[in-house]
Amino acid sequence: MMAHSFLLCVLVLLDVVAVSQAWFFFRSYPTAKAKTQVDAKCSELAVKGDCGFYSCFERRLTCGRNWYNVKYGEPYCRDFRAFQKTFSEKAQRFINDSQVCMGRELLEWYQRDSLNCHDFTHEAFRAMSRCYIHSGFCDVIIKDAVNFLSIYQPQHLFQRGALKIWREILRITYHCDPDSIKEIIQTLFESMKD
Ligand SMILES: *[C@@H]1O[C@H](CO)[C@@H](O)[C@H](O)[C@H]1NC(C)=O
C-alpha cells in the first residue's frame, strides 16, 4: 500500500519536473508551417490507423523529435503493431480501433496550414484519452496488463518521454475503475523486478 502511494507521488513529482523543464527549454513553443500540400495518401493512412501517418504528417508540419508525432505517436503505434499478436483478441480489436480513432482525430490537424507544436501535443494526448476510452480500453487493460506493460515499458520510465504517457495511462485507468489502479501498479512493480 505504502509502495503504491509512494510510486504515485514519484510519478507526479517527476511529471512536474518534466513539465517545468519542457517549459524552460521551449519557452517559445515552435510553430510548424505546412511544407507540402495535403496528400490524399497521408489521409488514407490516417483513416486506416496506419502508423505511417505520423511521419507523413511530420513531413508536412515538422515539429521534430520533442513533440507528439515523432516522440509518442509513431513509436508507440509501431510497438503496438509489432506486439499486437501477443494481445488477447479483444485487445487486438482495441489496438485497431484506437489507432483508427487517433488517425481520424489527428487528420484535422494534419490539414491545417500551421500548428503550434505544444498545443498539438497537448490536444493529441486529449485525443488519446478519448480514443482509448471509446475503443474499450477499460475492458482490456486488466486482462492484458502485462502486454500493455511491454509497450509502455516501465524500465524506460525516464526515456522516450514515457513519463507523460504513464501519467495519461494511469489517468485513463483511474477513469475506468479507481480500484483497478492498484492492480496495474502491482503488475508494474512485478515487471520492474524482472
Ligand atoms: C486488425 O486489423 C488488421 C488489419 O486491418 C486485421 O487483419 C485484423 O483482423 C484486425 N484484428 C481484429 C481483432 O479486429
Side-chain angles (χ1 to χ4, degrees), residues 36-63 65 67-112 120-121 123-156 160-162 164-177 179-181 183-188 190-191 194:
T36 64
Q37 297 293 318
V38 169
D39 183 345
K41 280 196 217 100
C42 272
S43 310
E44 205 176 301
L45 292 175
V47 297
K48 281 198 305 194
D50 189 300
C51 303
F53 171 60
Y54 295 99
S55 47
C56 224
F57 186 139
E58 187 69 13
R59 278 196 294 279
R60 174 172 158 81
L61 291 151
T62 308
C63 283
R65 63 188 174 88
W67 305 99
Y68 190 80
N69 287 332
V70 178
K71 192 167 184 176
Y72 308 102
E74 176 140 18
Y76 285 105
C77 183
R78 297 231 177 262
D79 283 353
F80 265 121
R81 291 303 187 195
F83 290 98
Q84 187 155 12
K85 292 277 187 288
T86 66
F87 284 72
S88 70
E89 176 83 17
K90 213 170 172 185
Q92 288 189 35
R93 206 168 316 124
F94 160 80
I95 294 170
N96 281 1
D97 293 350
S98 60
Q99 300 293 9
V100 167
C101 176
M102 280 307 283
R104 214 183 304 120
E105 288 255 8
L106 301 185
L107 189 55
E108 185 253 315
W109 288 83
Y110 166 70
Q111 290 162 343
R112 295 186 182 192
F120 166 64
T121 296
E123 288 307 316
F125 271 95
R126 296 277 72 76
M128 178 185 152
S129 281
R130 281 193 296 276
C131 286
Y132 271 38
I133 289 163
H134 181 78
S135 308
F137 182 75
C138 298
D139 301 331
V140 295
I141 177 60
I142 295 300
K143 199 160 154 275
D144 280 83
V146 171
N147 290 319
F148 278 99
L149 284 166
S150 71
I151 306 290
Y152 302 117
Q153 303 176 34
Q155 295 89 339
H156 296 169
R160 296 177 78 181
K164 204 165 155 56
I165 284 280
W166 266 102
R167 182 182 63 170
E168 206 60 36
I169 295 300
L170 290 177
R171 193 187 279 160
I172 302 169
T173 307
Y174 190 81
H175 162 93
C176 294
D177 171 15
D179 289 337
S180 64
I181 257 315
E183 278 180 66
I184 294 302
I185 291 176
Q186 213 152 11
T187 314
L188 188 103
E190 276 155 20
S191 77
D194 299 339

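The first residue of the sequence shown is numbered 1, and numbering continues consecutively from there. Treat the numbers as computed from the prediction; the structure is a model and nothing was measured. Start at 1 and go down the list; that is how both ligands and their atoms are numbered.
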Inset, instruction - For residues Tyr54 and Cys77, report the shortest heavy-atom separation together with the two atoms involved. - result: CE1-CB, 3.9 Å

Legend entry - Shortest non-hydrogen contact from Gly103 toward Phe53: O-CE2, 4.2 Å

Legend entry - Gln92 N/O to ligand 1 N/O under 3.5 Å: no

Inset, instruction - Could you tell me whether the side chain of Phe87 reaches within less than 4.5 Å of the side chain of Val140, counting heavy atoms only? - result: no

Inset, instruction - Evaluate the 4.0 Å heavy atom contact test for atom 2 (O) of ligand 1: does a protein atom fall under the cut-off? - result: yes

Inset, instruction - Would you confirm whether Glu105, through its side chain, and Ala127, through its main-chain N or O, come within 3.5 Å as a donor-acceptor pair? - result: no

Inset, instruction - Take atom 11 (N) of ligand 1 and look for protein heavy atoms under 4.0 Å from it; say yes if you find one, no if not. - result: yes

Inset, instruction - Determine the interplanar angle of the Tyr132 and Phe137 rings, folded into 0 to 90°, and report it as parallel if under 30°, tilted if 30 to 60°, perpendicular if over 60°. - result: tilted

Legend entry - Those atoms of ligand 1 less than 4.0 Å from some heavy atom in Arg93: 13 (C), 14 (O)

Legend entry - Shortest protein heavy-atom distance from atom 4 (C) of ligand 1, along with the residue and atom involved: Asn96 ND2, 4.6 Å

